[in-house]
> 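Quick one: the structure is below, and I'll ask about it shortly.
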There are 2 protein chains.
Amino acid sequence: MKRNTWQREAVREALDASEGFVSAQTLHDRLKHTGSQIGLATVYRALADLASGGDADSLQQDGESLYRACTPGSHHHHLICRNCGLTVEIEADAVEQWAHSVAAEHGFTEAHHVVDVFGLCAACTAKAAAGELRD
Amino acid sequence: MKRNTWQREAVREALDASEGFVSAQTLHDRLKHTGSQIGLATVYRALADLASGGDADSLQQDGESLYRACTPGSHHHHLICRNCGLTVEIEADAVEQWAHSVAAEHGFTEAHHVVDVFGLCAACTAKAAAGELRD
DNA sequence: CGCCTACTGATAGTCATTCTCAAACTCAGC
DNA sequence: GCTGAGTTTGAGAATGACTATCAGTAGGCG
Ligand SMILES: [Zn+2]
Ligand SMILES: [Zn+2]
Ligand SMILES: [Zn+2]
Ligand SMILES: [Zn+2]
């Protein structure tokens, strides 16, 4: 049976308080800096649980997993600013249907899909134009 | 200046001979088993070169990078069997346009996107139905 | 042929993530 | 409020993919 511990709750809250996607390590650092004594392994476990339970979304970037508290129970994708991490949830039935139909056309079953859009948000675009980004 | 070595050529050929996406480690094993004395680091370097030069596509799964020789110069996405690795290249202008427009709607610029569909190919679906998969 | 320099590869190092297991904790049952 | 069985935790070790090192090798141009 799944038990409720202050550690799990702390991870959930820290994730809720985060603007965009964060790594397990970053979240652990953040928790430590706020005085928590939570262990790194526990953060990894809690995030994996949240993701598998549908309470958080995850994506992989540069070989590391990033997590974000997302609207529970709804399937959606993300538009992410690669500079500041600002994230917008996006829904697109057209893409869902396209994914399923292209899989079906080729005889594939149990189709899952990974769809993410990365760019520069309006604010970061302005900064880039002003030459304030080194990217 | 970029030099031509038998190692780079061997990696390119091994990649061409592969059906679907393969990891650097797998490709290295395959080369070794065919008698090549190529080093692992060289395989990583050659694959990175091929990918940055547009002669190969890459994607990340379970924290490891997979590579595949793909139609050069054409932007496309993939439909991948998660059991046997069979890969189909797919093009979808609708998705390209959707990605750009959704980014523009939210004020994002320089939008890139990651779009991949994973499933079970017809053959593996049949095997799964016969209970031959442990997945 | 001979030099310059890029390339190679065995190995050590890095780093995110997972494993281990004894100790701490949760909670149903009393 | 206690108890005890079973779950969770966490510090450190282990894993595994990938990168850095650097002496030795070998393209390629003259
Ligand atoms: Zn931004
Ligand atoms: Zn979707
Ligand atoms: Zn298959
Ligand atoms: Zn595309």
Side-chain angles (χ1 to χ4, degrees), chain A residues 1-15 18 20-53 55-68 80 82 85 114 116, chain B residues 1-15 18 20-53 55-68 80 82 85 114 116 118 135:
Chain A
M1 180 219 304
K2 175 141 304 192
R3 292 178 178 173
N4 294 322
T5 63
W6 64 264
Q7 286 96 334
R8 277 196 220 285
E9 196 52 35
V11 170
R12 185 186 296 266
E13 285 176 10
L15 200 60
S18 299
F21 280 84
V22 285
S23 69
Q25 310 253 5
T26 301
L27 207 61
H28 179 241
D29 284 348
R30 229 170 257 178
L31 283 163
K32 283 280 183 150
H33 287 156
T34 60
S36 173
Q37 287 305 305
I38 195 169
L40 177 59
T42 303
V43 175
Y44 274 101
R45 281 187 289 242
L47 286 175
D49 283 352
L50 287 171
S52 74
D55 292 324
D57 283 354
S58 69
L59 62 85
Q60 300 196 318
Q61 194 176 18
D62 299 326
E64 75 176 350
S65 292
L66 304 181
Y67 297 86
R68 179 172 186 272
I80 305 149
R82 84 170 73 92
V114 176
D116 291 300
Chain B
M1 182 220 303
K2 175 140 304 189
R3 292 176 180 174
N4 294 321
T5 63
W6 63 264
Q7 286 96 336
R8 276 197 221 286
E9 196 52 34
V11 170
R12 186 188 295 266
E13 284 176 11
L15 200 59
S18 299
F21 279 85
V22 286
S23 68
Q25 312 254 1
T26 301
L27 208 61
H28 179 240
D29 285 349
R30 228 172 257 177
L31 284 162
K32 283 279 185 153
H33 287 156
T34 62
S36 172
Q37 287 306 306
I38 195 169
L40 177 60
T42 303
V43 175
Y44 273 103
R45 281 187 287 241
L47 286 174
D49 283 352
L50 287 171
S52 74
D55 292 324
D57 282 355
S58 69
L59 62 84
Q60 301 197 317
Q61 192 176 20
D62 300 325
E64 76 177 349
S65 291
L66 304 181
Y67 297 86
R68 179 172 187 271
I80 304 149
R82 84 170 73 93
V114 177
D116 291 300
F118 296 88
D135 188 324

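Bear in mind that the values here come from a model prediction, so they are computed numbers and not experimental data.
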> Whole Å only: how far is the CD atom of A/Glu64 from the C1' atom of D/dG16?
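Value for this atom pair: 16 Å.
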> Would you name the heavy atoms of B/Ala14 and B/Leu31 that are closest together and state the gap between them?
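Distance-wise, the nearest heavy atoms are CB-CD2, 3.8 Å.
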> Minimum heavy-atom separation for B/Ala24 and B/Leu40, please, with both atom names.
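Closest heavy-atom pair between B/Ala24 and B/Leu40: O-CD1, 4.4 Å.
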> Looking at B/Gln60 and A/Gly63, what are the two nearest heavy atoms and their distance?
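Closest approach of B/Gln60 to A/Gly63, heavy atoms only: OE1-N, 3.3 Å.
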> For C/dT17, does OP1 or OP2 lie under 4.0 Å from any side-chain N or O of A/Ser65?
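It does, given that an N or O in the side chain of A/Ser65 lies less than 4.0 Å from OP1 or OP2 of C/dT17.
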> Hey, could you give me each pair passing side chain to side chain donor-acceptor pair (under 3.5 Å) that has a residue in residues 20-33 of chain A? Not counting sequence neighbours.
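Output for this query lists A/Ser18-A/Arg30, A/Ser23-A/Thr26, A/Gln25-A/Tyr44.
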> Out of curiosity, A/Gln37 CD to A/Trp6 CH2, how far, rounded to the nearest 0.5 Å?
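Separation between the atoms: 7.5 Å.
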> Report for the helix from C/dC1-D/dG30 to C/dC30-D/dG1: angle between first-end and last-end helix axes, five pairs each, rounded to 10 degrees.
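About 40° separates the two local helix axes.
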> Distance check, rounded to the nearest 0.5 Å: B/Arg8 atom CZ versus B/Leu47 atom CG?
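Reported to 0.5 Å precision, the distance equals 11.0 Å.
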> Looking at A/Thr42, A/Leu50, A/Asp49, A/Thr5, which one forms a side-chain contact (heavy atoms from CB on, under 4.5 Å) with A/Val11?
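Of all the options given, the one that passes is A/Leu50.
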> What pairs with B/Phe21 under ring pair (Phe, Tyr, Trp, His ring centres under 6.0 Å), at least two apart in sequence or on another chain?
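By the ring pair (Phe, Tyr, Trp, His ring centres under 6.0 Å) rule, B/Phe21 matches B/His78.
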> If you compare every side-chain N and O of B/Tyr44 against the phosphate oxygens of D/dC18 (OP1, OP2), does one of them come in below 4.0 Å?
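Yes, such a contact exists.
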> Which parts of residues 25-38 of chain A get close to DNA chain D, meaning a heavy atom less than 4.0 angstrom away?
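Per residue number, the list reads A/Gln37, A/Ile38.
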> Might you point out which heavy atoms bring B/Leu15 and B/Ala56 nearest each other, and give the distance in Å?
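Distance-wise, the nearest heavy atoms are CD2-CB, 3.9 Å.
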> What's the CG-P distance between B/Leu47 and C/dG9, to the nearest Å?
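Taking CG of B/Leu47 and P of C/dG9, I get 14 Å after rounding.
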> Check the distance between C/dT17's P and B/Gln60's CD and give it to me in whole angstrom.
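Rounded to whole Å, this separation is 11 Å.
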> For a quick check, with a 4.0 angstrom heavy-atom cut-off, what is the B/S/- contact string for nucleotides 19-30 of chain C, read 5' to 3'?
B-----BBSS--
> Could you state the atom-to-atom distance from CD of B/Gln61 to P of D/dG16 in whole Å?
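Distance, rounded to whole Å: 17 Å.
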> Distance check needed: C/dT18 P versus A/Leu40 CG, whole Å only.
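It is 10 Å, rounded to the nearest whole Å.
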> So which atom in B/Ile80 and which in B/Gly85 form the shortest heavy-atom distance, rounded to 0.1 Å?
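Of all heavy-atom pairs spanning B/Ile80 and B/Gly85, the closest is CG2-O, 4.4 Å.
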> Report the distance from atom CG of B/Asp62 to atom C1' of D/dT15, rounded to the nearest whole Å.
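To the nearest whole Å, that distance equals 15 Å.
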> Taking salt bridge (Lys or Arg N to Asp or Glu O under 4.0 Å) as the test, write out the residues that go with A/Arg68, two or more places apart.
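Counting only residues at least two positions away or on another chain, A/Arg68 forms a salt bridge (Lys or Arg N to Asp or Glu O under 4.0 Å) with A/Glu89.
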